[in-house]
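A short write-up of the structure that comes next.
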Amino acid sequence: MSNATDRRLWRDISVFDGLRTLPEPMAVITEGARVTLLTPMREFNEQLANSCIEMGHGGVMTPGLVDCHTHLVFGGSRAEEFEARLEGASYEEIAKRGGGILSTVRATREASEDTLLTLAKPRLEALIADGVTTVEIKSGYGLTVKDELKMLRVARRLGEILPVNVVTTLLGAHALPPEYKDNSDGYIDLVCQEMIPAAVAEGLTDAVDVFCEKIAFSVAQCERVFEAAQRHGLAIKAHAEQLSNLGGTAMAARHGALSADHIEYLDDTGIAAMREAGSVAVILPGAFHTLRETQQPPITALRKAGVPMAVATDANPGSSPLFMPTLMLNLACTLFRMTPQEALAGMTAHGASALGLKEQGRIYEGAVADLCVWNVEAPAELAYAVQPGRLRQRLLQGVVTHGG
């Protein structure tokens, strides 16, 4: 039988339910791991309060934020490379010095599993402190079977030691490792025939991702990876149309991809394919900002087509060393002219959809009580201001992990 130890009440609170702001102040009750009451204050039965812990008045409640695209597990730092670029060094010059993604690959390969865990933990803690309750963590800096599995194990361990839901994604087809410098098809063979089966055998991955781009892998090579993933019952995702329009998004959509991410160069054909497949467009303003890109994703066309848009940090050592989800809400609005409501839906309901999660990212009676309460007066303030410390309370499956 339920009692006040697991039944909590919020009064006069503004609720963003994952898709929209509800039109009047609400009363919300959670019981155990679920939301059991969501009702306008004018209809609230005060007798219910007798069996509840009073959690406060006012503020804004949202679903726990969902960061659906991160690369949190890595070794080393790219700060010197960042500085060199600002001092005038070209990408080619930095690469010749041993910089770029392969420098992260070297550092990640050299690091032990425990070292990678120690390095990744404060990055994830920063996301949690800014409201994240569900996070996707990709591999992709090992590029050998052993090192990709090592990264995925670390990601799984993070979900065991911290109060957060972790979804793992195998991104073996992220870059061509030096051992396969002149044999990209051979490396794709390794990903399909050895890496994916090994990850599945250990239960380490929930999905498979690819980087479909001229500097990475072709549409045909990525399709081979998708086919291998689907043979093992794994969901698929794609980094696509970030630097050029190769048609990777349309191909991914044909295979039922959960999402296509970046998509700055996405065309109408790709948008139509996403709409038909129900794929989510994952918008990554952090990388756009850090790289000082100029080609914006087709937000207006995606909106018109009704393609759901998620927003994520893309937290990584090279192109988006940013670990503040609410900053992404602001950047999505200021750089891409998404509305505050679209951006917040992108980090709640649509972020969950991009991971294939049906029970995260929404607030309704019966929903999982992954919730955030914020010291703001309206949901739009979360995108309007870049201000740490606004999180009043955070619940994961009904357990208060932040605030009282």
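- A donor-acceptor contact under 3.5 angstrom links the side chains of Trp10 and Gln393, judged on distance only.
- By the 6.0 Å contact criterion, CD on Glu43 is enclosed, its count of non-hydrogen atoms from other residues, nucleotides or ligands being greater than 12.
- Evaluated for a side-chain contact (heavy atoms from CB on, under 4.5 Å) with His239, the options Thr249, Val282, Asp209 yield exactly one hit, Asp209.
- There is a side-chain donor-acceptor pair under 3.5 Å between Arg78 and Thr104.
- Judged as a side chain to side chain donor-acceptor pair (under 3.5 Å), and not counting sequence neighbours, the contacts of Glu179 are Arg109.
- Residues passing the ring pair (Phe, Tyr, Trp, His ring centres under 6.0 Å) test with Phe16, sequence neighbours excluded: none.
- Every residue meeting the side chain to side chain donor-acceptor pair (under 3.5 Å) condition with Arg11, not counting sequence neighbours, appears here in chain and number order: Glu46, Glu54.
- Of the charged side-chain nitrogens involved, at least one lies within less than 4.0 Å of a carboxylate oxygen, so that Arg34 and Glu359 count as a salt-bridged pair.
- The pair Glu81-Arg85 counts as a salt bridge, with a side-chain nitrogen and a carboxylate oxygen less than 4.0 angstrom apart.
- When the options Leu391, Leu396, Leu395 are evaluated for a side-chain contact (heavy atoms from CB on, under 4.5 Å) with His402, the one that passes is Leu391.
- Partners of Gln397 according to the side chain to side chain donor-acceptor pair (under 3.5 Å) rule, which considers only residues two or more places apart in sequence or in another chain, do not exist here.
- Residue pairs meeting the side chain to side chain donor-acceptor pair (under 3.5 Å) criterion with at least one partner in residues 286-304, sequence neighbours excluded, are Arg303-Glu342.
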Check: residues 322-338 side-chain donor-acceptor pairs under 3.5 Å, at least two apart:
from   : atom 1 : to     : atom 2 : distance (Å)
Thr326 : OG1    : Asp130 : OD1    : 3.2
Thr326 : OG1    : Asp130 : OD2    : 2.8
Asn330 : ND2    : Ala383 : O      : 3.0
Asn330 : ND2    : Tyr384 : O      : 3.4
Thr334 : OG1    : Asn330 : O      : 3.0
Arg337 : NH1    : Thr334 : O      : 2.3

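- Listed by chain and residue number, Arg224 satisfy the salt bridge (Lys or Arg N to Asp or Glu O under 4.0 Å) test with Asp189 (two or more places apart in sequence, or in another chain).
- Under the rule for a salt bridge (Lys or Arg N to Asp or Glu O under 4.0 Å), the partners of Arg157 that lie at least two apart in sequence or sit in another chain are Glu113, Asp114.
- Residues satisfying the side chain to side chain donor-acceptor pair (under 3.5 Å) test with Glu276, not counting sequence neighbours, are none.
- Residues Leu117 and Ile161 are in side-chain contact: their nearest non-hydrogen atoms beyond the backbone lie under 4.5 Å apart.
- If you check the side chains of Thr134 and Gln360, you find no donor sitting under 3.5 Å from an acceptor.
- Ring geometry, His174 versus Phe211: the interplanar angle falls from 30° to 60°, so the pair is classed tilted.
- Taking Glu136 as the reference, Lys138 meet the salt bridge (Lys or Arg N to Asp or Glu O under 4.0 Å) condition, with sequence neighbours excluded.
- Annotation: side chain to side chain donor-acceptor pair (under 3.5 Å) contacts involving residues 259-270, sequence neighbours excluded, comprise His69-Asp261, Lys237-Ser259, Asn245-Asp267, Ser259-Asp261.
- Under the rule for a salt bridge (Lys or Arg N to Asp or Glu O under 4.0 Å), the partners of Glu125 that lie at least two apart in sequence or sit in another chain are Lys121.
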